[in-house]
Amino acid sequence: NYGLHGALSLHTILGEAGAAAEKGDVVVLPLEPHYYCVNEPTSWQARNAIAWNHEQWNKWTMLDRLEAIATLSPVDVLEMAGARMRSASASRSFARRLEALDDAQTLARFASAPEPTVFSYSAYHLDSLGSMRRIEGSDFAGRPWPADADVPVCPASLRLLQSFVDRMRVRGVAVYFASSPYVEVAGQSREGIERSSAKLRDQLSKLAPVLDSKAQLIFHRRLFFNTDLHLNAEGRALRTRMLAHAMLRDNALRAHLGLGAAIHK
């Protein structure tokens with residue numbers, strides 16, 4: 001689960017997943033729709049690289065850094081200047097941000113963190129599987145991504161994904177795509193959803209197998225927590241069961257894991 005820190009780059013997500021995968025593993029990529037057409041770095045990613053992801057900043061070439069800086073606005077520059085001033089004044093709020101860069105301390109606090117009573121975007125609200133806790137109920141009232149609209153797929157993303165699939169294959173790691181959920185909206189064309197779903201599946205299946213389709217993952221609004229990409233506890237449990245069943249029905253995946261032939265019910 002790499003969703004805690006929003007808008008991480010596709011390169012970062014694939015890098016983290018690949019680093020954790022070992023021979024015989026399966027990597028399932030239920031990517032959010034915008035990752036199929038990346039134009040990176042974004043201003044958000046540039047801010048993060050400057051603020052805390054120094055490893056990423058150091059890996060970038062001078063051209064990469066200039067392109068990242070070009071995405072920043074004058075407001076971002078003023079904010080960075082203000083951060084520099086606050087760091088010199090040793091404010092407690094800024095100190096807490098710096099503490100987050102201490103991995104050992106963060107992991108120790110995570111291990112001893114009590115059960116949260118309310119929702120918060122915090123590392124200390126994750127469970128041992130990396131999933132957010134206290135996401136009961138539904139507060140999503142925004143306008144969702146239309147399920148019957150085509151998902152843009154761009155050459156840059158395809159090259160990045162193909163490179164990842166090829167690297168994993170050499171290491172004996174299987175890669176599968178899966179769909180992210182969509183909000184059911186009155187008036188949407190079922191035929192349009194099926195057509196758009198088949199188009200995306202056709203493009204992705206040239207890279208790696210696809211376990212399901214977005215046409216199968218149209219959920220009622222009450223199953224979303226606070227955005228059209230964040231399922232609540234009930235929705236997450238349903239999606240997890242659906243994904244597990246899709247994996248168990250796939251004979252090639254079962255063979256890769258040494259589970260034998262699938263039993264279809």
Side-chain angles (χ1 to χ4, degrees), residues 1-35 38 44-45 48-49 51-53 55-56 96-97 99-140 160-161 164-165 167-168 171 173-182 208 211-212 217 219 223-248 253 256-257:
N1 183 341
Y2 297 108
L4 172 61
H5 196 287
L8 288 172
S9 70
L10 178 59
H11 184 273
T12 298
I13 291 173
L14 296 177
E16 292 294 325
E22 300 177 350
K23 183 177 180 179
D25 284 349
V26 175
V27 174
V28 180
L29 299 174
L31 297 176
E32 297 173 2
H34 68 271
Y35 279 115
V38 296
W44 176 248
Q45 291 161 7
N48 292 330
W52 60 268
N53 196 356
E55 181 181 2
Q56 176 68 75
R96 285 198 296 269
R97 295 188 181 192
E99 288 171 1
L101 300 177
D102 186 333
D103 291 345
Q105 179 175 292
T106 299
L107 290 172
R109 290 179 62 183
F110 170 76
S112 61
E115 178 75 21
T117 58
V118 296
F119 171 77
S120 175
Y121 283 113
S122 167
Y124 309 116
H125 284 222
L126 299 174
D127 64 18
S128 60
L129 295 176
S131 298
M132 277 291 183
R133 294 182 286 183
R134 309 311 309 179
I135 56 169
E136 296 82 13
S138 179
D139 296 320
F140 174 57
L160 193 56
L161 290 167
F164 176 75
V165 171
R167 292 197 311 274
M168 293 300 101
R171 290 171 47 189
V173 176
V175 177
Y176 282 76
F177 288 103
S179 181
S180 58
Y182 286 79
L211 289 170
D212 51 29
L217 292 168
F219 293 165
L223 296 177
F224 291 81
F225 179 60
N226 60 356
T227 81
D228 59 347
L229 288 170
H230 292 175
L231 293 169
N232 60 20
E234 181 183 0
R236 185 168 65 190
L238 173 61
R239 175 66 186 113
T240 300
R241 288 196 300 271
M242 293 174 67
L243 182 58
H245 291 159
M247 294 175 70
L248 290 172
L253 191 154
H256 180 80
L257 295 175

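One-based numbering along the sequence shown.
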Seminar exercise, completed: Here the pair of heavy atoms bringing F177 nearest to L31 is CE2-CD1, 4.5 Å
Problem set entry | Closest contact, heavy atoms only, L257 versus G24 | CD2-O, 3.5 Å
Exercise. Does the side chain of E115 come within less than 4.5 Å of T117's, by heavy atoms?
Worked result: no
Exercise. Roughly how far apart are L14 CG and L160 CG, rounded to 0.5 Å?
Worked result: 5.5 Å
Seminar exercise, completed: When rounded to the nearest 0.5 Å, the distance separating CG of L231 from CG of N226 is 10.5 Å
Problem set entry | Side chain proximity check, H256 to Y176, heavy atoms < 4.5 angstrom | no
Problem set entry | Step-by-step side-chain contact (heavy atoms from CB on, under 4.5 Å) determination, E234 to L223 | CA-CA 6 Å; E234 181 183 0; L223 296 177; 3.5 Å; yes
For this session: May I have the step-by-step check of side-chain contact (heavy atoms from CB on, under 4.5 Å) for H230 and I135, ending in yes or no?
Result: CA-CA 9 Å; H230 292 175; I135 56 169; over 6 Å; no
For this session: Look at the rings of F225 and F119 and say which category their plane angle falls in: under 30° parallel, 30 to 60° tilted, over 60° perpendicular.
Result: perpendicular
Problem set entry | Y124 side, atom OH; S112 side, atom OG - distance, nearest 0.5 Å | 9.0 Å
Exercise. Distance-only, no hydrogens or angles: does the R171 side chain make a donor-acceptor pair with backbone N or O of A21 under 3.5 Å?
Worked result: yes
Seminar exercise, completed: Rounded to the nearest 0.5 angstrom, the CD1-OH distance for I13 and Y35 is 3.5 Å
Exercise. What's the shortest heavy-atom distance between V27 and A17, and which atoms?
Worked result: CG1-CB, 4.3 Å
Exercise. Minimum heavy-atom separation for S9 to Q45, with atom names?
Worked result: CA-NE2, 3.4 Å
For this session: Check the pair L229 / F224 against side-chain contact (heavy atoms from CB on, under 4.5 Å), numbers first and verdict last.
Result: CA-CA 7 Å; L229 288 170; F224 291 81; over 6 Å; no
Problem set entry | Backbone of M132 reached by a side-chain donor or acceptor of R236 within 3.5 Å | yes
For this session: Enter the distance from L101:CG to N53:CG here, rounded to the nearest 0.5 Å.
Result: 10.0 Å
Problem set entry | Beyond-backbone contact of R109 with E99, side-chain heavy atoms, under 4.5 angstrom | yes
Exercise. Tell me, do D212 and M242 make a side-chain contact under 4.5 Å, heavy atoms counted?
Worked result: no
For this session: Identify the two heavy atoms, one from S179 and one from P30, that lie closest to each other, and give their separation to 0.1 Å.
Result: O-CB, 4.0 Å
Exercise. Would the number of heavy atoms belonging to other residues, nucleotides or ligands and lying under 6.0 Å from NE2 of H34 be above 12?
Worked result: yes
Exercise. How long is the gap from CD on E16 to CG on L8, to the nearest 0.5 Å?
Worked result: 8.5 Å
Exercise. Which atoms form the tightest heavy-atom contact between Q56 and A49, and what is the distance?
Worked result: CG-CB, 4.5 Å
Problem set entry | Side chain D25, main chain V173, donor-acceptor under 3.5 Å | no
